[in-house]
Protein chains: 2
Amino acid sequence: MDTAVAISPVARSGWTPVPNPQFRRAPASVVPLAFPHPGRCGMPGFGSVQATMVERAGATHINVRKGAALFRAGERSTALYAIRLGSFKTQVVTDDGHEQVSGYHMTGDVIGSDGIGGSAHDCEAVALEDAEVYVLPFERIEALAREDIGFQRSLHRVLAGEIARERGVMVMLGTMRAEQRLASFLIDLARRYHERGYSGSEFVLRMTREEIGSHLGLTLETVSRLFSRFRDSGLIDVRGRVVKLLDRAALKRIILAG
Amino acid sequence: MDTAVAISPVARSGWTPVPNPQFRRAPASVVPLAFPHPGRCGMPGFGSVQATMVERAGATHINVRKGAALFRAGERSTALYAIRLGSFKTQVVTDDGHEQVSGYHMTGDVIGSDGIGGSAHDCEAVALEDAEVYVLPFERIEALAREDIGFQRSLHRVLAGEIARERGVMVMLGTMRAEQRLASFLIDLARRYHERGYSGSEFVLRMTREEIGSHLGLTLETVSRLFSRFRDSGLIDVRGRVVKLLDRAALKRIILAG
DNA sequence: CGAAAACTTGAAAATTCTCAAGGCGGGTGG
DNA sequence: CCACCCGCCTTGAGAATTTTCAAGTTTTCG
C-alpha cells in the first residue's frame, strides 16, 4: 500500500527534480486551516466507497508537484486516481485554447473517471499544491469489479457520483447569477472541508480568482468584486485566499433567492 | 427482444389511457424530416456499444407517451434505458422549483446512467414525443458486466460518454455567449441527426423555445431573437420548429470566434 | 530586494433579462 | 364551417447584470 512508485509526473511539466526528500512541501499558509497534514486516521476524508477501492485495488501511490499534471487531455487513460493528500483542479481545454475548470478535488476524491472504458481523457488534472495520489489501474479495477459484486457496486457509485457532480455544476452555470454562484461555491467548499474533519467556516483557497472565475463562468474581476461585496455585507471575512464564513445562513439564502 | 411489457408509464402523468392500439402517434409534422419511422435496419442510430448492450441484455421494451416521465428525480433507479424510437429531455428540478434541461436524447442514446450503482435518479426523463425504449435492468447489466469483459467495457464506455457529454454542456455554459450557445446547439443536433442517417441540414425541433433556453442557460426571448438574427443573416431558415441550416461553416465560425 | 503574479477597484460598454404587447396556428366546440 | 381559445412564438424598449479596459496595490517567490 505504501510502495512509492517510479512514475514521475514531474517530468511532464518541466519541473526541476528535487534531490532526496519526497518533494518540497507547499509553503505553510499563514492560517493552515485547510488541506493540512495527512490526518490522524491514515486516510482522511475517504468515504467508504473510495476507501474500499483503495484497499481492494492494492494501490501504489505517486507524488505530484504543485502545478504538475497528473494526466492530460487526449492521453490514453490507464487508471483512476484517489487523492491521498493535496488538491487538484480538473480543466477542459477548448479548441480555441480557452480553459474551463470543471472541478476542484480534494483528499479522498476520485478523479480520472472520464477515461474509464478505454477512452482518452477529455480533461486534465493539475495539482494545486504538492499532492499524493493512489493509483488504481483500470485493469485491476475492472478485474475486481468482475470478481466482486460489492466492489462493482462501489465503482458504479463513484461513476454515478461524478455524473451527479457535473450535473450540479451544469445547473449552477445554467440557472444562477454571479452572487449565487460564488455563494454556492463557498458553501460547497465548506461542506467538503467539514466532511473531512476540517473547519467548515475558515479555510484557505488553493486557487486564484481567475481559476474560481473559470469554474463559475465568471471573470476574475467579477469574482474579486463579489468577495468584496460579501465582505462589506458582513457575510464573510476575506484576506486574499484566507476565507472565513461569518453568516452561512445568509449565504444559503443567496443561493436560493438570488 | 420484442416482448412488450406491462409497465405503464402513462399512469405516472395522468394521461387518459388509450383502449387498444399501442399508443397514439404524434401529429404528423409538416416536414417530417427528423425522428421519422423506426428505420429500415431495425435499430436506427444505435452505436455498436448500445447495440451490444441491447442485444446482450435481452431487453424488453416499453412505450412512453409524449409528456410522460420515464423516470423521475428521487426514484430509486432500476434500469438503464436505450431509446428505440422517439426523443426525450432530461431535466433537473432544483430546490426552488426551477427546471434546467440537462440534455436532449434521441434514438440510440442510453439514458438513466446517473442511477447506476443503486443511487436514486437525480434528474427526470420526459418524452418529447411518443417513444419506445428498451429496458436494461441494472441487475442484468451488472451480471453481464461481471461475466463478460467486453460487455463491461461497453458499459464503462457508455458511462464515460455521459460524463464527457455533461462536461461539454458545462463548457458551453461556462465559456460561450448566447450566439455561440445556440450555434453549437444547432450544430450538435445536425451532427446527431446525420449520424442516424437523417438529414443533418433540415430537421424539426421537438422542444419549445423555453426548453431550448433552459438547456442553454438563456431565456426563451433570447433564443427567439437569436433564431431571428440567424435567419436575417442567412445562416438558417426557421419557420417555427422547422429548421434548415443554410451555412454551417458560418455557424461553426460563430462557435469558435463568437 | 526586486520582478512577476495576483488582486482590487472604477468607469464605460456590451450582453442578456424583464416586462409588455401582439401575432400565429391548430384544435375544439358551437 | 367558423370563431374562439390557448399555448407558443416574436419583437420592442428599458433595466439589470456582467464584461472589458485600465490603473494602481498587494503578495509571492526566487
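In what follows, every chain begins at residue 1, and chains take the letters A, B, ... in the order their sequences are listed.
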Shortest side-chain distance from A:Leu218, nucleotide among D:dT18, D:dT11, C:dT16: D:dT18

Can we say A:Arg72 and A:Asp122 salt-bridge, meaning some charged N sits less than 4.0 Å from an Asp/Glu carboxylate O? no

What is the minimum heavy-atom distance between B:Ala125 and B:Thr90, and which atoms define it? CB-CG2, 4.0 Å

With a 4.5 Å cut-off on side-chain heavy atoms, are A:Arg192 and A:Asp188 touching? yes

B:Leu216 atom CG is separated from C:dT15 atom P, nearest whole Å, by 18 Å

If the cut-off is 4.0 Å, is A:Thr222 near the phosphate of D:dT19, judged by side-chain N/O to OP1 or OP2? yes

Check: B:Phe71 ring centre within less than 6.0 Å of B:His121 ring centre: yes

Looking at the base of C:dC19, is there any donor atom on it, or on the side chain of B:Glu221, that sits under 3.5 Å from an acceptor on the other one? yes

Heavy atoms under 4.0 Å, any strand shown: does B:Gly217 hit a base, just sugar-phosphate, or nothing? sugar-phosphate

Under 4.0 Å between any heavy atoms, over every strand shown, what does B:Ser228 touch: base, sugar-phosphate, or nothing? Just pick one. sugar-phosphate

Rounded to whole Å, please give me the gap between CZ in A:Arg225 and P in C:dT8. 11 Å

Identify whether any heavy atom of B:Thr208 sits under 4.0 Å from a base atom; if not, whether one sits that close to sugar-phosphate; answer base, sugar-phosphate or nothing. sugar-phosphate

From CZ of B:Arg239 across to P of C:dG23 the rounded distance in Å is 18 Å

Expressed in angstrom and rounded to an integer, what is the separation of B:Lys66 atom NZ from D:dG7 atom P? 14 Å

Is the shortest side-chain N/O distance from B:Thr219 to OP1 or OP2 of C:dT16 below 4.0 Å? no

Spacing of A:Arg241 atom CZ relative to C:dA6 atom C1', expressed in whole Å: 7 Å

Here's a test of your reading of the structure: between B:Val238 and A:Leu226, which maps to the more 5' nucleotide of DNA chain D? B:Val238

For DNA chain D, whose closest nucleotide is more 5', that of B:Glu210 or that of A:Val223? B:Glu210

Are A:Leu128 and A:Lys66 close enough that some pair of their side-chain heavy atoms sits under 4.5 Å apart? no

Would you indicate which nucleotide in D:dC9, C:dT8, C:dT15 comes nearest to any side-chain atom of B:Arg209? D:dC9

Quick one: label B:Leu220 by what it contacts on the DNA or RNA (base, sugar-phosphate, nothing), any heavy atom closer than 4.0 Å. base

Could you tell me the separation between the CG atom of A:Leu173 and the C1' atom of D:dT18, rounded to a whole number of Å? 15 Å

How many Å lie between CG on B:Leu205 and C1' on D:dC8, as a whole number? 13 Å

Taken to the nearest whole Å, CZ/B:Arg181 to C1'/C:dT16 is 10 Å

